[in-house]
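Here's the structure we're looking at; comments come further down.
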Amino acid sequence: MSDRADYVPPKVWTWDKESGGRFASINRPIAGATHDKPLPVGKHPLQLYSLGTPNGQKVTILLEELLALGHAGAEYDAWLIRIGDGDQFGSGFVEANPNSKIPALVDRSGATPIRVFESGAILTYLAEKFGAFLPTEPAARAETLSWLFWQMGSAPFLGGGFGHFYAYAPQKFEYPINRYAMESKRQLDVLDRRLAEHEFIAGDAYTIADMAIWPWYGGVVKGWLYEAAEFLDVQSYRNVLRWADQLLARPAVQRGRKVNRLTGDPADQLHERHDAADFETKTQDKVGGAQG
């Protein structure tokens, strides 16, 4: 890898395993499994294989919201995929998601298991399966899906672009940080203008669009991602902050944010979730630890 300002790309790129950066050990230019490892299967119809990153939180928030509505069929097992250890390259996970990215869902409620990968696809699949959080009226449905796909297309600039070069790259360079900071702020402005006119992203109803966007952009304005809140002047996006706090007050969002999480306050981490009572056990552990 060259850090020179006058770097000239070669005619044919070759893989430099010493490229550096926080995720260098798991990045590679080829797909497929690196080792044999079947996925565990729990007792519930829905099996989620994930990590509590923003992309993983989208799905666990929806599942917890569905359960809060009384959809018993949305009970799920959430298995931890440690991407830093390369779990996503195990044969079982690659079978569930050939792209080797979290989250991946396997629906075992029918005669034949159905795999669903890509967070936006999982949100849509579950919303349609349970008839919730995705409007059926054509205009409202189109608006919701438009914002869902806005997130899918926009967040890579926030995460893989801004987040990588600002927080994770082995060295900081002005050009990429400026480039992606500008785009991240533009996206926040898009949301801020939208939320100035509507309570939720897609309009007056809480939908999967909110659940997809909140872990990323709510996380940024709440100061949870990249330690970049001051740098991006998030306090200027008042409508996004209002919306972020509004969603954070929802118990299902609070629960969903904990599932498969490995960072932050240990009291807010539930590494695996196999039953609703797991949250109560975690709370009891917290109380016990405080008393002990």
Side-chain angles (χ1 to χ4, degrees), residues 33 36-83 87-88 90-136 141 144-145 148 152 206-212 214-215 250-262 269-283:
D36 290 328
K37 185 177 181 180
L39 289 176
V41 178
K43 62 182 179 180
H44 296 302
L46 301 177
Q47 299 294 302
L48 179 67
Y49 305 94
S50 190
L51 180 66
T53 65
N55 283 336
Q57 289 174 33
K58 300 175 193 177
V59 178
T60 49
I61 287 172
L62 173 56
L63 287 166
E64 292 298 328
E65 292 282 12
L66 289 168
L67 290 170
L69 279 184
H71 292 285
E75 270 293 353
Y76 68 104
D77 291 276
W79 302 94
L80 180 62
I81 299 298
R82 296 178 182 268
I83 62 174
D87 288 352
Q88 68 275 32
S91 57
F93 191 88
V94 172
E95 184 177 350
N97 182 0
N99 197 38
S100 292
K101 303 288 185 181
I102 62 93
L105 177 77
V106 179
D107 183 355
R108 296 180 173 273
S109 61
T112 302
I114 298 173
R115 75 174 188 185
V116 193
F117 57 92
E118 292 298 325
S119 58
I122 297 173
L123 292 180
T124 304
Y125 176 83
L126 291 173
E128 291 181 338
K129 179 181 178 71
F130 294 102
F133 302 114
L134 178 59
T136 56
R141 177 182 173 84
T144 301
L145 291 176
L148 172 63
M152 298 294 291
Y206 176 51
T207 70
I208 56 173
D210 297 282
M211 300 176 204
W214 184 83
R250 299 179 68 91
V253 171
Q254 295 171 22
R255 291 193 297 272
R257 188 169 178 264
K258 293 180 180 180
V259 179
N260 297 145
R261 190 174 171 197
L262 292 177
Q269 300 177 27
L270 184 62
H271 292 180
E272 290 189 358
R273 187 265 191 216
H274 302 291
D275 193 272
D278 292 342
F279 293 104
E280 298 175 11
T281 302
K282 188 66 178 179
T283 301

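The stretch residues 99-122 participates, sequence neighbours left out, in these salt bridge (charged side-chain N to carboxylate O under 4.0 Å, His left out) pairs: Asp107-Lys129. For residues 39-50, the set of pairs meeting the salt bridge (charged side-chain N to carboxylate O under 4.0 Å, His left out) definition, not counting sequence neighbours, comprises Lys43-Asp275.
For Pro103, the side chain to side chain contact (heavy atoms under 4.5 Å, CB included) partners are Leu48, Ser50, Asn55, Val59, Ser119, Ile122, not counting sequence neighbours. Residues passing the salt bridge (Lys or Arg N to Asp or Glu O under 4.0 Å) test with Glu64, sequence neighbours excluded: Arg255, Arg273. Applying the side chain to side chain donor-acceptor pair (under 3.5 Å) criterion to His44, with sequence neighbours excluded, gives no partner residue. Leu69 pairs by the side chain to side chain contact (heavy atoms under 4.5 Å, CB included) definition with His71, Ala132, Phe133, not counting sequence neighbours. Every residue was checked against the salt bridge (Lys or Arg N to Asp or Glu O under 4.0 Å) condition with Asp77, not counting sequence neighbours, and none meets it. In this structure, the salt bridge (Lys or Arg N to Asp or Glu O under 4.0 Å) partners of Glu128, at least two apart in sequence or on a different chain, are Arg141. With sequence neighbours excluded, no residue satisfies side chain to side chain donor-acceptor pair (under 3.5 Å) with Gln254. In this view, Thr144 and Leu134, Pro135, Ala202, Thr207, Ile208, Ala209 satisfy the side chain to side chain contact (heavy atoms under 4.5 Å, CB included) rule, not counting sequence neighbours. For Pro45, the side chain to side chain contact (heavy atoms under 4.5 Å, CB included) partners two or more places apart in sequence, or in a different chain, are Ser109. Residues satisfying the salt bridge (Lys or Arg N to Asp or Glu O under 4.0 Å) criterion with Arg261, sequence neighbours excluded, are absent altogether.
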